[in-house]
2 protein chains.
Amino acid sequence: MKKVTINDIAKKLGVTPSTISRALADNQRVSQATRDKVKRMAQEMGYQPNLMASSLRKGKSDLIGMIVPRINRHFFSNIISGVEEILNPAGYSLLIMQSHEELEAEVKAVHSLMRNRVGGIIISLSVETNSFEHLQGVVDANVPLVQFDRVCKNLKGPKIVNDNITGAYLATRHLIQSGYKNIAHFSGNKMINVYGERIIGYKKAIAEAFGEVDESLIMEDIITRDSGLETIQQVLKEKEIDAVFCAGDYSAFGVFEGLKDLKAEFPGKFGLVGFGNEPFAEMLHPSLSSIEQDGREVGRIAAQEMIDAINGVLHNIERVVPVEFKERESSKKININF
Amino acid sequence: MKKVTINDIAKKLGVTPSTISRALADNQRVSQATRDKVKRMAQEMGYQPNLMASSLRKGKSDLIGMIVPRINRHFFSNIISGVEEILNPAGYSLLIMQSHEELEAEVKAVHSLMRNRVGGIIISLSVETNSFEHLQGVVDANVPLVQFDRVCKNLKGPKIVNDNITGAYLATRHLIQSGYKNIAHFSGNKMINVYGERIIGYKKAIAEAFGEVDESLIMEDIITRDSGLETIQQVLKEKEIDAVFCAGDYSAFGVFEGLKDLKAEFPGKFGLVGFGNEPFAEMLHPSLSSIEQDGREVGRIAAQEMIDAINGVLHNIERVVPVEFKERESSKKININF
DNA sequence: GACAAAAATACAAACGATTGCACATAAATA
DNA sequence: TATTTATGTGCAATCGTTTGTATTTTTGTC
C-alpha cells in the first residue's frame, strides 16, 4: 500500500535513482532503450511522481494560486474555467481561494499560497482592499503576480481588465438612444478601477448627448441586490429619473424589484441596464439588458501571462478585453403617449 | 530576495534548525524563553514555512483535493464555501478541479491530485462516471476519499448526500395537493443516485395519491435547459399532462420557456417544480418552486468527515442532509373554471 | 559539593526527487 | 595498439523540514 518511488523502480531495474529520474524526464543522457524500460516499469508499478519532492528540489512548484472575491459569480467562475483551460494542459494545478470581498481573508489567502510555495498568484482584489503590502510582498518575493478585473495599477506585472469604459458608454448611450433623459448610475466604490472606469464611460455618453453631467445622479456603493432595491425606492421619491445604469446585475435586480413593487411602467417609461450579464439577466421578465464580459477570455489571457511570467517574461502591461452589450427588454424604447 | 528558512533563523540566533522547528511548533521540549525569541525573530525576518518541505518530511500534506462537475453551479459553489469554512481554519487548503461532467477530465484530475500528494479527495462524480478504478486507486493508496451528492455506493468512505427522496416526494406531493393530476417527471440518468432517488420520491407521492404510477411519464436524461424545452414541447403534443416535476432547475427553466412559448396558462393550469433552487428560481416570473439543498451544510459535513478521516477515523457511512421545499408561484393551486 | 533527574538543546538521518560531476564502457581516431 | 571522444550510468549533495537519539546544561536533593 506504500507509494512507489523512483528508488523502488531503480532497485527493481538494478540501476540508480538518477537514471530513473532522467529517463522519466526523457533526458538524452540516458539511452532510448533504458528510457523505454524505465517508463514501462513505472507504468506497471503505478508510479506517480511526488510533486512536493520535485518542487522542493527544483525550487519551483506547478501550483498556481488563484484568489477571487467569490467563486459563485458567473464572471469569476468563467474566469476560473478559462484559466484552467490553459494552465491544466501546461501541467499546472490551481489552488483556489475566496476572499469573500474581505481584505483580511485576502491577506490570509495570500500568505497561505506563499507558504504553499505556489509558482505564481492570479488575483482579483476584494472590494475592501485598500492596502497592498501583502501583494507587494508577493512581488518582492519574486513570485509572479497577475491581476485581473479589479486591479491595483501600482503593482508591477500584467493586468487583464475588461473594457469597462466602453461597456458603460455603450450601456448609457443605448439608454439615451432609447429615449431616456434622466439616467442615474448606481456604481460601486469609485476608488476601485472597474467602478471608476464605468463612471467614466457613463459620463462620456451623458456628456456627449446632453452636454453636462449631473453628478448627483451618480450614486456610490450600490452593488448588492438589497442596496439596489433600497436606493431606487429612495431615489424615486426625491429625483426625476427615468432610467438607471447599474454597475452590476445584482444591484440592477434590486432596482428591478423596486420598480415592480412600485408598479412603475417598466419597461416603457423606465429603462434599466446592468453589468456582467449574469445568467439570470436573460431569464427575467422583462429580460435585463446588460454588458457581457468574456470571462473565459480574461482567464485564458491571465493564464498565458502567468506562464510567460514563470518562464521569465513578465509583462508589465494592461490588457483590455472587449465587452459586448446585450440588448434586451429592460431598456427598450420609451413609450411616448400623447 | 531569497526566501528565509529555519536555517537562516537558526544561524541568526546561534541555535540549530531543529530547535527552531520545535519552537515554531510550540514543542514543550524547548523553553518558553527560546520559543518566544524564535517566534519574534521569525516574524521579524518574514519567515514563511515551506509547506512542501514540511509535507515531504511528514509524509502528508495540508492540501485537500476537491473535484466538482462545475464550480458555477450554485449548489457546488456553496459546497466549496462550506468546505472552506471548516478546512481553512484547520490549516488546510483546497485544490479545486472541475470535471466538466466528463469522465476523462475526472480521471486526469484525480491523477493530478495524487501527484500533488493531497491529504485527501472530496468529490462529486461527473454524470459520465461509470467506471471507478481511478477512485478505487485513491482508496487503495490510503488517501481518504469523501464523496458527496453524486456518489458511488461501492466505494468505501463517507458519503454526504441530500435527502433526494424526501425532496422529490415533497415537490410531487405539493403539485398533487395543488390539484394537478397528470404529473410528469423530467429526470436525469437514473443510474446516478441523485436521479434514481428523486424518481423514488416522485413515485412514492404519485402512488400514495393515485394508486399507480404511469412509468411513461418519467423521462430520463433531461437536465439541461435545452432538453427541458424540447421535451416539454414534444410531450405536450403527445400526452395529457398538467404539471412537471424536474430533477433540476435548469431543465425546469427549459420547461418554463416552453410553456411561455406555447402561451400555456401557467401557472394556473399547469404546475412546475424544479430542484436545486438556483438563484434565478425566485427571480423568474412566475417564480419557480424548487427544492433547496443546503450546500454549505453538505460542504461542512464533507470537510469534517475529511478531517476525521485524515486523523484516522474513516467513517464508512452515508450522511443525509435535509432539503427544504420552497413553495413559489409556478406550482400554485390549479384554477378551476366551471 | 556530589550526583541523579529533569530540562534544554544539538546531531544527523530521513522524506523523494534533481543534477553537477565523476566514472566506466564503447566507438572512433591517430 | 594507444589515445581521444562520445555515450551511458553512478555518486553524492541538495532542497527545507521533521524527529529519534545523543549530548549538554540546569535544577533539585541529600
Side-chain angles (χ1 to χ4, degrees), chain A residues 1-39 41-42 45-63 91 114-119 141-143, chain B residues 1-39 41-42 45-63 91 114-119 141-143:
Chain A
M1 219 52 64
K2 204 79 187 41
K3 278 260 126 193
V4 22
T5 75
I6 208 175
N7 301 292
D8 302 331
I9 307 180
K11 229 165 274 170
K12 206 111 175 176
L13 251 37
V15 292
T16 55
S18 41
T19 301
I20 306 294
S21 174
R22 290 189 176 105
L24 291 173
D26 252 331
N27 189 316
Q28 304 287 7
R29 276 170 56 182
V30 16
S31 68
Q32 190 63 54
T34 319
R35 268 186 268 170
D36 293 344
K37 203 169 52 182
V38 168
K39 282 182 192 165
M41 180 58 82
M45 296 175 73
Y47 170 74
Q48 292 278 27
N50 185 328
L51 292 185
M52 323 212 84
S54 163
S55 301
L56 176 59
R57 172 63 230 248
K58 293 203 284 201
K60 51 176 250 170
S61 100
D62 63 337
L63 252 35
M114 292 301 278
R115 277 195 295 274
N116 275 295
R117 294 296 189 273
V118 293
N142 248 329
V143 172
Chain B
M1 219 53 63
K2 204 79 189 44
K3 280 259 126 192
V4 21
T5 75
I6 56 173
N7 301 291
D8 302 331
I9 307 180
K11 228 164 276 170
K12 206 109 177 180
L13 252 35
V15 293
T16 55
S18 42
T19 301
I20 306 293
S21 174
R22 290 192 172 103
L24 291 173
D26 252 330
N27 188 314
Q28 305 286 8
R29 275 171 55 181
V30 14
S31 68
Q32 189 62 54
T34 318
R35 267 186 268 171
D36 292 345
K37 202 170 51 181
V38 168
K39 282 181 192 164
M41 180 58 82
M45 298 176 71
Y47 169 73
Q48 293 278 28
N50 185 329
L51 292 184
M52 322 211 85
S54 165
S55 302
L56 174 59
R57 172 61 230 243
K58 293 203 284 202
K60 52 175 251 175
S61 99
D62 62 339
L63 252 35
M114 292 301 279
R115 277 196 296 276
N116 274 296
R117 293 298 188 273
V118 292
N142 248 330
V143 172

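Below, read A as the first sequence line, B as the second, and so on, with proteins coming before strands; counting in each chain starts at 1. The figures that follow rest on heavy atoms only: side chains count, while hydrogens, waters and symmetry mates do not.
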* So, does the side chain of B:T5 form a donor-acceptor pair with the base of D:dC15 at under 3.5 Å? -> no

* Asked: Given C:dT9, D:dC11, C:dG16, which nucleotide is nearest the side-chain atoms of B:T34?
  -> C:dT9

* To do: Let me see the working for B:K37 and B:Q32 under side chain to side chain contact (heavy atoms under 4.5 Å, CB included), right down to the final yes or no.
  => CA-CA 9 Å; B:K37 202 170 51 181; B:Q32 189 62 54; over 6 Å; no

* B:I20 CD1 to C:dC11 C1', straight-line distance once rounded to whole Å -> 15 Å

* Answer yes if the side chains of A:T34 and A:S31 hold a donor-acceptor pair under 3.5 Å, and no otherwise. => yes

* Asked: For the side chain of A:S55 and the backbone of A:L51, is there at least one donor-acceptor N/O pair under 3.5 Å apart?
  -> yes

* Structure fact -> Out of C:dG16, D:dT9, C:dA17, minimum distance to the side chain of B:L56 belongs to C:dG16

* Value in whole Å for how far the P atom of C:dA17 lies from CD of A:Q48 -> 11 Å

* Asked: Which nucleotide in the list D:dT19, C:dG20, D:dT17 gets nearest to the side chain of B:K58?
  -> D:dT19

* Asked: Nearest nucleotide by nearest heavy atom, which residue falls closer to the 5' end of DNA chain D, B:N7 or A:R22?
  -> A:R22

* Test side chain to side chain contact (heavy atoms under 4.5 Å, CB included) applied to A:K12 and A:D8, step by step -> CA-CA 6 Å; A:K12 206 111 175 176; A:D8 302 331; over 6 Å; no

* Residue whose nearest DNA chain C nucleotide is more 5′ - B:T16 or A:T19 -> B:T16

* Got a donor-acceptor pair under 3.5 Å from the side chain of B:R117 to the base of C:dG16? -> no

* Return the value, rounded to whole Å, for the distance between atom CE of A:M52 and atom P of C:dA17. => 12 Å

* Asked: So what does B:S31 touch, heavy atoms closer than 4.0 Å: a base, only the sugar-phosphate, or nothing?
  -> sugar-phosphate

* **hbond_proxy A:R115 side chain to D:dG16 base (donor-acceptor, 3.5 Å cutoff)** => no

* To do: Would you kindly give the CG-to-C1' distance between B:D36 and C:dA8, to the nearest whole Å?
  => 15 Å

* Would you say the base of C:dT9 and the side-chain of B:R29 have a donor-acceptor pair closer than 3.5 Å? -> yes

* To do: Using whole Å, report how far CG of A:L24 lies from C1' of C:dA17.
  => 11 Å

* To do: Would you kindly check whether a donor in the side chain of B:S55 faces an acceptor in the base of C:dC15, or vice versa, at under 3.5 angstrom?
  => no

* Structure fact -> To the nearest angstrom, the CG-C1' distance between B:L51 and C:dC15 comes to 15 Å

* What is the distance, rounded to the nearest whole Å, between atom NZ of A:K60 and atom P of D:dG16? -> 16 Å

* Asked: What integer distance in Å separates B:D62:CG from D:dT17:P?
  -> 14 Å

* Asked: Across the strands shown, which category fits A:S18 at heavy-atom distances under 4.0 angstrom: base, sugar-phosphate, nothing?
  -> base

* Asked: Could you give the distance from CD1 (A:I6) to OG1 (A:T16), rounded to the nearest 0.5 Å?
  -> 9.5 Å

